[in-house]
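Labels below follow one simple rule: chain letters A, B, ... track the order of the sequence lines, proteins then strands, and each chain is numbered from 1.
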Number of protein chains: 2
Amino acid sequence: MRVSAKADYAVRAAVELAAVGEDGPVKGERLAEAQEIPLQFLEHILLELKHSGIVRARRGAKGGYWLARPADEVSVADVVRAVEGPIANVQSQPPEAIEYRGSAEHLQEVWIAVRASLRSVLEQVTLADLASGDLPSIVDDFANEPDSWAPR
Amino acid sequence: MRVSAKADYAVRAAVELAAVGEDGPVKGERLAEAQEIPLQFLEHILLELKHSGIVRARRGAKGGYWLARPADEVSVADVVRAVEGPIANVQSQPPEAIEYRGSAEHLQEVWIAVRASLRSVLEQVTLADLASGDLPSIVDDFANEPDSWAPR
DNA sequence: GACTTTCCTGACTGCCTAAGTCAGGAGCGC
DNA sequence: GCGCTCCTGACTTAGGCAGTCAGGAAAGTC
């Protein structure tokens, strides 16, 4: 139930690209500096983002990275899945594939609900939302509840 | 963003205890068989549950484990936290402790919302709910949406 | 066409966690 | 005191996480 450094980095780099917009390719070094991410590690991440079609790249002078699609068509879930694989797996299996015995029978529905609730946030928020700071209401609602900020 | 085997086992064992109710202590071996969990591993897990006050135990003949509190006062979140630690940490830090620079500034609110949405499910569901199969509406609502069952 | 720049890729590392197993010790009830 | 059951630490094996290193391949520049 934790978010890896890789996923965090990937989203931050993608938002940075969204913020730059159409102003030509951005080189890895600049992304790394802007978000304080180790350059070599970031390049591996950007490669994965490229392989899953979220980002494009060109080499050489004037080269760099840019978003393959408009920023409002890329969700945080897309980015996280690209580097971490399926969201909310249980024991490396998707929740719908698990069978529970006896009194734990209904646990499956709980894991399904967990995954759905994660999706309801991550699939709603786009890179454009993040770059503009104008977040969807579901995020605002949760974030405005003081209890959400309490550690536990 | 995945649920460990340990957390899954812990919840299943706890539900089993909830289902048995007041009928005296249940031995580890029986829990292990009922839920098909490796016995030795399960005993380590039960020990952790004991240390965090969710379960009690007695040794010797007629010994075994039972819930320390009524089943409707123990949430799935309690059990998961007991074995996995804080839910939804980012890079091993709670989301409220992270500072983001530049265009990623609002990412913090997204992680906060992610955690809050997880809590809204996991803290709502109790062991009693699971044992009876009568799940809270938030779980039902998510589980009844066909899209929630689609892999992705 | 050489040179520089930037991405692309695989191999490697060190550390940590996950998912267990093994062996023995300690308390409880009879 | 004997058997049962929990309790605990040490150990293992595999794999993932978070990077680093070294070199190669395309794109643009002079």
[N] OP1/OP2 closer than 4.0 Å to side-chain N/O of [X]:
| X | N | answer |
| --- | --- | --- |
| A:Y9 | D:dG19 | yes |
| A:K62 | D:dT29 | no |
| A:K27 | C:dT6 | yes |
| A:H51 | C:dT9 | yes |

Please give, in whole Å, the distance from [N] [atom2] to [X] [atom1]?
| X | N | atom1 | atom2 | value |
| --- | --- | --- | --- | --- |
| A:H44 | C:dC12 | NE2 | P | 14 Å |
| B:L46 | C:dG20 | CG | P | 15 Å |
| A:R56 | C:dC8 | CZ | P | 13 Å |
| A:I45 | D:dG19 | CD1 | C1' | 10 Å |
| A:D8 | D:dG19 | CG | P | 11 Å |
| A:E48 | C:dC7 | CD | P | 16 Å |
| B:L42 | D:dC6 | CG | P | 9 Å |

Note to self: On DNA chain C, does the nearest nucleotide to A:E43 precede the nearest nucleotide to B:L39 from the 5' side, or the other way round? Give the residue.
What the structure shows: A:E43

Identify which nucleotide among [options] has an atom closest to any side-chain atom of [X], counting heavy atoms from C-beta outward.
| X | options | result |
| --- | --- | --- |
| A:Q40 | D:dG19, D:dC4, D:dA22 | D:dA22 |
| A:R59 | C:dG29, D:dC7, C:dC8 | C:dC8 |
| A:A61 | C:dT5, C:dC8, D:dT20 | C:dT5 |
| A:Y65 | D:dA18, C:dC7, D:dC7 | C:dC7 |
| B:P38 | C:dC8, C:dT21, C:dG25 | C:dT21 |
| B:A57 | D:dG28, C:dA11, D:dC7 | D:dC7 |
| A:F41 | C:dC8, D:dA18, D:dT5 | D:dA18 |

Next item on the list: Determine yes or no for a side-chain-to-main-chain donor-acceptor pair under 3.5 angstrom, with B:N144 supplying the side chain and B:D141 the backbone.
Entry: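 Looks like no, no N/O pair under 3.5 Å.
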
Margin query: Main chain of B:V74, side chain of B:T126: is a donor-acceptor contact present, judged purely on distance under 3.5 Å?
Written below: no

Next item on the list: State whether A:R2 and B:E84 are salt-bridged, where the test is any N-O pair (Lys NZ or Arg NE/NH1/NH2 against Asp/Glu carboxylate O) under 4.0 Å.
Entry: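 Salt bridge absent between A:R2 and B:E84.
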
Item checked: Under-4.0 Å salt bridge between B:R101 and A:E36 ->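 Yes, this pair counts.
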
Check: Using a distance-only test with no angle check, is there a side-chain donor-acceptor pair under 3.5 angstrom linking A:E48 and A:H51?
Finding: no

